[in-house]
Number of protein chains: 2
Amino acid sequence: MSDLLQRLRDRGWRLTAQRRVVAEVLDGEHVHYTADEVHARAVERLPEISRATVYNTLGELVSLGEVIEVSTDGRAKRYDPNAHHTHQHLVCSRCGVIRDVRPSGDPLALLPEEERFGFTLSEATVTYRGICPSCASAG
Amino acid sequence: MSDLLQRLRDRGWRLTAQRRVVAEVLDGEHVHYTADEVHARAVERLPEISRATVYNTLGELVSLGEVIEVSTDGRAKRYDPNAHHTHQHLVCSRCGVIRDVRPSGDPLALLPEEERFGFTLSEATVTYRGICPSCASAG
DNA sequence: TCTTACATTGGACATTATCCAAGTCAAGAA
DNA sequence: TTCTTGACTTGGATAATGTCCAATGTAAGA
């Protein structure tokens, strides 16, 4: 994640303790926290950090393309730092756990020309749903 | 939509004026209203209908599989009555307009076995994003 | 060290959705 | 037809999530 901090500095980001803590919380391979979860974890390291700052910082990271917003359930958005490797999401319909997955081939290619209605396509996001092994074995 | 009303009656639904109006509002081919939009349109026909009833009815229609919940933007959920023809959605990144589209082939098939992590898959939902013709010509 | 533009804060406010107790009514029974 | 009853509806309170703003604080260059 120090790569991230370096990139942000290069783009003229002012590096505050709050932003550093948010970036640290998002460090990891398969992290998909809500804004409130990020805030709760950030508070453990920097007790005075406010929710507004967490929202601001997450929004900035999304604008900069360093973090992806994911909404798999119509409830709180989740923030995914795995932005530099395109991937899709596999979600358990029962417990909600999320895995990053990589389909073979580009989902965009599945949409035929006559189904594009003149749109200039930029991306396709896929959400796979099913039951995860631990929910399956729990009956 | 009278087909829908018949199916609901067959399932023991009590057919009230409110439910009938919600079903009528959702009649159509490419309808993607939010709950509030459904409520606004329902009020035109039945001024005393409450928001709670609209939410209740929409929730029931979703449970019954007659309507699909769509959240393309992390804001209010939208309700799509085109539930009996599987389809995906094409969304304009600028104005938010939504089209129903049909990919060629099953998006589920794109996820290789080793990327399924033991999940029992049930569906894949795809959101295509791009710029619609009218936004494109508007600069 | 000083300056200042940018960042943070807490609380008010906005949006979307759910819950609940009281009142109402659709539809089957008589 | 009228009666009965359990299901449905209502409005308002409440919850969950997110945004805004004026006052205050501070990182980083001069």
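In what follows, every heavy atom counts, from backbone to side chain, and hydrogens, waters and symmetry copies are set aside. Bear in mind the structure is a predicted one, so any value in this text is a computation, not a measurement. Residue numbers begin at 1 in each chain, while the letters A, B, ... track the order of the sequences.
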#### Entry: Shortest side-chain distance from B:Ala76, nucleotide among C:dA17, D:dT10, D:dA28
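Taking heavy atoms from C-beta onward, the closest nucleotide is C:dA17.
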
### Candidates D:dT10, D:dG18, C:dT9 - which lies nearest the side chain of A:Lys77
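Given the options D:dT10, D:dG18, C:dT9, the side chain of A:Lys77 is closest to D:dG18.
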
Whole-Å gap separating [atom2] ([N]) and [atom1] ([X]):
X       : N      : atom1 : atom2 : answer
A:Asp36 : D:dT17 : CG    : C1'   : 8 Å
A:Leu8  : D:dA28 : CG    : P     : 12 Å
A:Leu15 : C:dT8  : CG    : C1'   : 14 Å
B:Glu60 : D:dT9  : CD    : P     : 7 Å
A:Tyr55 : D:dT19 : OH    : P     : 7 Å
B:Arg9  : C:dA26 : CZ    : C1'   : 12 Å
A:Arg75 : D:dT17 : CZ    : P     : 5 Å
A:Arg20 : D:dT26 : CZ    : C1'   : 14 Å

### Task
Select from B:Ala35 and B:Trp13 the residue whose nearest nucleotide in DNA chain C is closer to the 5' end of that strand.
B:Ala35

### Summary
5'-most contact on DNA chain C (nearest-nucleotide basis), B:Arg78 vs B:Ala17, goes to B:Arg78

Does [N] have OP1 or OP2 sitting under 4.0 Å from an N or O in the side chain of [X]?
X       : N      : result
B:Arg19 : D:dT9  : yes
A:Gln18 : D:dT26 : no
A:Thr16 : C:dC6  : no

### Query
Considering only heavy atoms from C-beta outward, does the side chain of B:Val70 approach that of B:Lys77 to under 4.5 Å?
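When only atoms from C-beta onward are counted, B:Lys77 and B:Val70 do not touch, as no gap falls below 4.5 Å.
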
### Task
Would you mind classifying the nucleic acid contact of B:Thr53 as base, sugar-phosphate or nothing, using non-hydrogen atoms under 4.0 angstrom?
base

### Task
Assess whether one donor atom and one acceptor atom, taken from the side chain of B:Arg14 and the base of C:dC25, lie less than 3.5 Å apart.
yes

### Task
Test for a donor-acceptor pair under 3.5 Å between the base of D:dG18 and the side chain of A:Arg51, counting only N and O atoms.
yes

### Task
May I ask you to check if B:Arg41 and B:Tyr33 form a cation-pi contact, with NZ or CZ under 6.0 angstrom from the six-membered ring centre and within 45° of the axis?
yes

### Message
For A:Arg129, is there an ion pair with B:Glu123 - N to carboxylate O distance below 4.0 angstrom?
### Response
yes

### Query
Between A:Glu60 and A:Arg11, is there a salt bridge with N-O shorter than 4.0 Å?
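No salt bridge links A:Arg11 with A:Glu60.
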
### Task
Among B:Asp80, B:Val22, B:Leu26, find the one that has a side-chain contact (heavy atoms from CB on, under 4.5 Å) with B:Val67.
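Running side-chain contact (heavy atoms from CB on, under 4.5 Å) over B:Asp80, B:Val22, B:Leu26 with B:Val67 returns exactly one hit, B:Leu26.
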
